[in-house]
Amino acid sequence: MFPNFHLPDAPFLISNAMTELERIRHSAAHVLATAILKIWPEAQFAAGPPVEQGFYYDVDLPHRITPDDFEKIEAEMKKEIKANHVFERVEISRAEALAMAERGELAALSPRGVPSKFKLDILQGIPDGEAITLYRNGEFTDLCAGPHVLRTGNIGAFKLTHVAASYYKGDERNPQLQRIYGTAFKNKTEMEAHFALIEEAKKRDHRKLGREMELFHFDDDVGPGLPLWLPNGTVLVEELEKLAKETEFAAGYDRVRTPHLARENMYLTSGHLPYYAESMYPPMDFQESGEEGAKSEKYYLKAMNCPHHHKLFGAVPRSYRDLPLRFAEYGTCYRYEQSGELFGLMRVRSMQMNDAHLYCTEEQFEAEFNAVNQMYLRYFQIFGIQKYVMRFSTHDPAKLGEKFVNDPVLWKKTEDMVRGVLQRSGINYVEIPNEAAFYGPKIDVQVWSAIGREFTIATNQVDFAVPARFGLKYKTRDNTEATPLCIHRAPLGTHERFIGFLIEHYAGNFPLWLAPEQVRVVTIGDDAALVESGQALVTELRSHGVRAKGDFGTDPIKAKIADAEHRRVHTMLVLGNRDLEAGAVSVRLHGKGNLGAKPRAEVVAGILESIRTRAA
RNA sequence: GCCAAUGUAGCUCAGUGGUAGAGCAGCGGUUUCGUAAACCGCAGGCCACGGGUUCGAACCCCGUCAUUGGCUCCA
């Protein structure tokens with residue numbers, strides 16, 4: 001018996017409705033296990049499912065498998081595939097299965113006298129009445145719900161890709177296993193296409209483009225996860241803030257500003273301490289000596305803006321006439337994320353959040369929540385974001401008073417309202433129980449990075465608990481006091497993650513309104529008349545706020561164009577003697593080539609219009 | 001935080017124990033040219049950091065830091 005496994009909330013499940021590709025990959029996982037056992041007979045296996053990019057198998061083995069071992073393992077796998085063993089399905093009784101697991105015959109080539117500890121544990125988690133099946137390929141037998149391909153030879157092409165650590169059943173209290181990742185396809189051509197796609201995706205990786213385009217920088221002396229914005233990146237930051245400010249102003253928000261830190265006491269009130277302390281930077285601890293002796297004072301960098309905003313709500317007596325009250329701030333927050341979690345701009349330790357807190361009555365809630373959702377959709381339209389999922393997280397009634405605030409009535413009411421808003425506005429969403437914030441249900445918007453990692457890019461949360469902890473009140477129409485509901489929302493997420501996402505979304509080719517260098521005026525040669533005319537054009541554009549530069553040097557036009565293209569300048573305006581005589585300028589768009597000569601006034605007007613409308 | 005890999009010029013990378021290299025970018029010249037790269041030259045490095053082994057270390061060993069791939073966690 002393996003002691004004390006911590007079980008996840010959802011049971012281990014392998015769907016029976018697998019696609020052919022998934023069956024190939026799932027089968028490849030079994031072949032991988034077979035190969036590992038041939039080399040290291042003592043290996044113990046946990047789970048080996050197909051995943052989006054391929055498959056993995058979790059193995060417990062004293063030998064540390066490194067990529068250097070792949071060749072050896074792949075050679076054994078090839079033998080199994082060449083042998084073309086049948087994947088044989090056997091249905092057996094629970095008692096038989098348990099006995100086999102005790103004898104160590106599951107995920108094994110032959111009995112080995114040591115129980116198949118993980119398989120035994122998995123078996124015990126299978127509900128009574130469910131069929132228990134084994135799959136055999138050659139000498140290898142595994143507990144498995146299937147399905148598989150017919151024969152090992154049906155695995156047309158495969159490759160081991162990397163090793164990683166994982167905890168058994170994803171719980172860090174469980175033993176750590178080695179996860180061997182690989183991928184498999186019907187044939188070699190499809191596999192090569194897959195690797196080519198990955199290479200393409202890497203070119204869009206925001207970390208690579210961020211360096212190339214001089215958008216941001218990380219520095220050892222500043223610290224891990226603390227991005228510095230270079231001038232080009234700062235343009236993106238400020239354009240987003242401009243968009244947010246315009247949008248929020250139009251939607252009736254008020255802007256506020258709050259400091260980056262606060263005393264310990266505020267986070268005790270908010271409930272973030274001690275439960276959240278691990279994801280906060282350690283406090284600044286002051287020893288202030290006064291007449292009554294030394295006194296310790298702790299200040300924390302803020303991990304979220306809500307407590308500060310709540311304090312602003314409470315700073316002035318509020319009436320129902322003031323509601324809804326909407327406080328917006330691009331607040332800078334600091335979270336001490338675990339070192340292994342940091343990932344370029346997508347997961348950082350200092351971040352500026354497109355935050356706002358909306359305080360309203362229960363009657364106003366639905367309209368407010370709906371307006372917030374409409375704001376999301378408008379943003380996504382501007383950016384042309386189509387591949388996203390709205391994830392509606394609800395509470396689990398069994399965990400009231402533990403993981404969730406114990407107020408079943410308000411949970412039901414707010415969840416129904418949120419669901420209603422989602423349904424009536426025709427937004428696609430998935431509902432996920434047990435994932436709500438402790439203070440209320442929430443909607444997260446999930447997107448994927450170029451290399452396929454999933455991120456929450458925006459969040460919209462209902463809070464019916466924390467305002468009460470802060471004693472927030474407003475005078476009702478009948479002169480009693482009531483506590484407002486609060487909506488936390490960040491449709492543009494944080495600058496860091498949102499810009500990281502946008503870099504990949506646009507593959508660095510930003511629309512004109514966002515492009516760090518919007519226009520470059522390029523002269524053909526450096527004749528005095530050309531330079532003068534080019535400089536006048538740059539000056540005119542800059543006077544309208546356009547980020548324009550001139551390249552009036554002696555380099556050949558080809559070289560100047562190549563430079564501007566490499567730097568992803570959105571619009572290149574080429575000025576030669578021919579254009580000068582015609583009062584024209586020839587327009588070239590990044591990645592789109594030469595559009596030909598046009599009157600200067602028309603070109604300038606077009607640029608201004610495109611920026612004004614934030615055209616795609 | 002955990003497991004593993006990686007760390008050489010601003011960037012991309014060569015360099016397996018014997019005087020640190022290339023391309024691009026940068027700088028200086030020459031070139032005066034119609035839409036993705038003209039030519040010549042120059043400069044640039046505590047080989048992440050700290051210890052060790054060795055006559056000698058970018059290279060071998062140990063530790064630290066950072067990054068990357070995953071696991072847990074999240075905007």
Side-chain angles (χ1 to χ4, degrees), chain A residues 8 51 56 58 64-68 161-181 205 207-208 211-212 214 217-221 223-225 276 278-279 303-304 333 335-348 351-355 435 437 442 444-447 451 453-461 488-498 500-501 522-527 530 553-567 572-579 586-591 593-597:
Chain A
V51 290
Y56 66 78
D58 281 344
R64 291 281 157 215
I65 295 178
T66 72
D68 293 337
T161 52
H162 54 285
V163 214
S166 68
Y167 299 104
Y168 180 56
K169 295 192 174 176
D171 189 321
E172 62 185 335
R173 292 167 296 186
N174 281 339
Q176 193 163 51
L177 307 170
Q178 304 186 62
R179 178 168 292 182
I180 319 296
Y181 279 92
D205 191 309
R207 293 165 296 185
K208 180 179 161 66
R211 256 196 306 275
E212 276 176 24
E214 298 182 10
H217 172 69
F218 288 93
D219 193 285
D220 269 6
D221 284 339
Y276 216 77
E278 273 198 10
S279 30
M304 59 287 298
C333 297
R335 296 185 184 174
Y336 194 78
E337 302 293 351
Q338 297 183 54
S339 58
E341 282 309 305
L342 303 176
F343 175 70
L345 277 186
M346 301 291 217
R347 192 71 186 277
V348 293
M351 66 212 86
Q352 285 170 277
M353 209 180 291
N354 171 230
D355 216 353
E435 286 293 314
K442 63 173 181 175
D444 291 319
V445 183
Q446 303 301 111
V447 296
I451 58 169
R453 207 188 278 198
E454 180 176 343
F455 285 98
T456 300
I457 195 133
T459 187
N460 188 5
Q461 312 182 346
H488 307 233
R489 44 107 279 175
L492 297 177
T494 62
H495 279 321
E496 289 71 18
R497 188 173 288 178
F498 203 82
F501 171 78
V522 177
T523 53
I524 301 172
D526 67 343
D527 289 358
L530 282 176
T554 65
D555 281 341
I557 183 68
K558 275 178 184 285
K560 290 184 179 181
I561 292 293
D563 185 70
E565 288 282 1
H566 287 146
R567 288 170 202 272
M572 290 149 271
L573 300 180
V574 177
L575 203 54
N577 286 320
R578 240 156 48 203
D579 303 292
S586 61
V587 180
R588 180 186 172 103
L589 300 183
H590 170 59
N594 187 1
L595 303 187

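As judged by a 4.0 angstrom heavy-atom cut-off over every strand, A:Y181 is placed among residues touching the sugar-phosphate backbone only. In this structure, A:V348 reaches the bases: a heavy-atom distance under 4.0 Å links it to at least one base atom across the strands shown. Nucleic acid contact class of A:G344 (heavy atoms, under 4.0 Å, all strands): sugar-phosphate only. Here A:S339 lies in heavy-atom contact (under 4.0 Å) with a base. Across all strands, A:D527 comes closer than 4.0 Å to no nucleic acid atom at all (heavy-atom distances). The residue A:I457 sits close only to the backbone: its heavy atoms come under 4.0 Å of sugar-phosphate atoms, none of a base. Using a 4.0 Å heavy-atom criterion, one finds that A:I557 contacts the sugar-phosphate atoms exclusively. Using a 4.0 Å heavy-atom cutoff across all strands shown, A:L342 reaches sugar-phosphate atoms only and no base atom. Residue contacts shown for A:R179 are limited to sugar-phosphate atoms, with no base heavy atom under 4.0 Å away. Residue contacts shown for A:D355 are absent, as no nucleic acid heavy atom lies under 4.0 Å away. A:A559 comes within 4.0 angstrom of sugar-phosphate atoms only, judged by non-hydrogen atoms across all strands, and of no base. Looking at heavy-atom distances under 4.0 Å, A:G170 makes contact with sugar-phosphate atoms alone, never a base. Looking at heavy-atom distances under 4.0 Å, A:D526 makes contact with a base. Here A:M353 lies out of heavy-atom contact (under 4.0 Å) with every strand.
A distance of 3.5 Å separates CD1 of A:I180 from CD1 of A:I65, quoted to the nearest 0.5 Å.
OP1 or OP2 of B:rU35 has not a single side-chain nitrogen or oxygen of A:R578 nearer than 4.0 Å. Taking 4.0 angstrom as the limit, A:Q352 places none of its side-chain polar atoms (N or O) nearer than this to OP1 or OP2 of B:rA75. Checking the phosphate oxygens (OP1, OP2) of B:rA4, no side-chain nitrogen or oxygen of A:T66 falls inside 4.0 Å. The shortest distance between the side-chain N/O atoms of A:R207 and the OP1/OP2 oxygens of B:rU68 is below 4.0 Å. Using a 4.0 Å cut-off, some side-chain N or O of A:R211 falls inside it from OP1 or OP2 of B:rU12. Using a 4.0 Å cut-off, some side-chain N or O of A:R588 falls inside it from OP1 or OP2 of B:rA36.
In this model, a donor atom of one side chain and an acceptor atom of the other lie less than 3.5 Å apart for A:T456 and A:Q446.
Nucleotide B:rA5: paired with B:rU67 (Watson-Crick or G-U wobble, both distances less than 3.5 Å). Both distances falling under 3.5 Å, in either a Watson-Crick or a G-U wobble arrangement, place B:rC39 opposite B:rG29. With a 3.5 Å ceiling on both atom-pair distances, B:rA14 lacks any Watson-Crick or G-U wobble partner. For B:rG44, there is no paired nucleotide, since no Watson-Crick or G-U wobble pair has both relevant distances below 3.5 Å.
Nucleotide B:rC74 holds its P atom 12 Å from the CD atom of A:E278, rounded to whole Å. Atom CZ of A:F343 and atom P of B:rC74 are 18 Å apart (whole Å). The CE-P distance, from A:M304 to B:rC74, rounds to 11 Å in whole Å. Taking atom CG of residue A:D205 and atom P of nucleotide B:rU12, one finds them 12 Å apart after rounding to whole Å. B:rG70 atom P lies 18 Å from atom CG of A:L177, rounded to whole Å. Rounded to whole Å, the distance from CD1 on A:I65 to P on B:rC3 is 16 Å. The CG-P distance, from A:D219 to B:rA66, rounds to 13 Å in whole Å. Rounded to an integer number of Å, the gap from CG of A:L345 to P of B:rU67 is 13 Å.
Residues A:M346 and A:E496 are not in side-chain contact: their nearest non-hydrogen atoms beyond the backbone lie 4.5 Å or more apart. Contact check for A:N354 versus A:P491: side-chain heavy atoms found under the 4.5 Å cut-off.
With hydrogens and angles ignored, the 3.5 Å screen pairs no side-chain donor or acceptor of A:S279 with any backbone N or O of A:R335. A side-chain donor-acceptor contact under 3.5 Å links A:K560 to the backbone of A:G553.
A donor-acceptor contact under 3.5 Å links the side chain of A:Y167 to the base of B:rG1. With hydrogens and angles left out, the side chain of A:Q176 and the base of B:rC2 share a donor-acceptor pair within 3.5 Å. One cannot find a donor-acceptor pair under 3.5 Å joining the base of B:rC73 and the side-chain atoms of A:R335. For A:D579 against B:rG34, a side-chain-to-base donor-acceptor contact under 3.5 Å is present. Counting distance only, with no hydrogens placed and no angle test, the side-chain atoms of A:H162 and the base atoms of B:rA4 include no donor-acceptor pair under 3.5 Å.
For the C1' atoms, the distance linking B:rU54 with B:rA9 amounts to 29 Å, nearest Å. Comparing B:rC60 with B:rA66, their C1' atoms sit 23 Å apart, to the nearest whole Å. Rounded to a whole angstrom, the distance from the P atom of B:rG17 to that of B:rA57 is 14 Å. Separation of the C1' atoms belonging to B:rG63 and B:rA20 is 26 Å when rounded to the nearest angstrom. To the nearest whole angstrom, the two P atoms, one in B:rC47 and one in B:rG7, are 15 Å apart. The same atom, P, is picked in B:rG41 and in B:rA4; the two are 49 Å apart, to the nearest Å. For the C1' atom pair drawn from B:rG18 and B:rC59, the interatomic distance equals 12 Å after rounding to whole Å. Annotation: B:rC39 and B:rG52 have their P atoms spaced 50 Å apart (nearest Å).
Between A:K169 and A:D171, none of the side-chain N atoms (NZ, or NE/NH1/NH2) sits under 4.0 Å from a carboxylate O, so this pair counts as no salt bridge.
Nearest-nucleotide mapping onto RNA chain B: of A:L575 and A:E212, the residue sitting toward the 5' end is A:E212. In this structure, A:S166 and A:T494 both approach RNA chain B, and ranking their closest nucleotides by distance from the 5' end singles out A:S166.
Nearest heavy-atom pair, A:M351 versus A:V348, reported as atom, atom and distance to 0.1 Å: CE-O, 3.9 Å. When all heavy atoms of A:S166 and A:D58 are compared, the pair lying nearest together is OG-OD1, 3.2 Å. Nearest heavy atom pair, residue A:F498 against residue A:L492, reads CB-O, 3.3 Å.
Each of B:rC73, B:rG69, B:rG1 was ranked by its minimum atom distance to the side chain of A:Q338; first place goes to B:rG1. Of all nucleotides listed (B:rA36, B:rA75, B:rG34), B:rA36 comes nearest to the side chain of A:E565. Comparing B:rC73, B:rG70, B:rG69 by their nearest atom to the side chain of A:R347 picks out B:rC73. For A:A165, counting side-chain heavy atoms from C-beta on, the closest listed nucleotide (B:rA36, B:rC73, B:rC3) is B:rC3.
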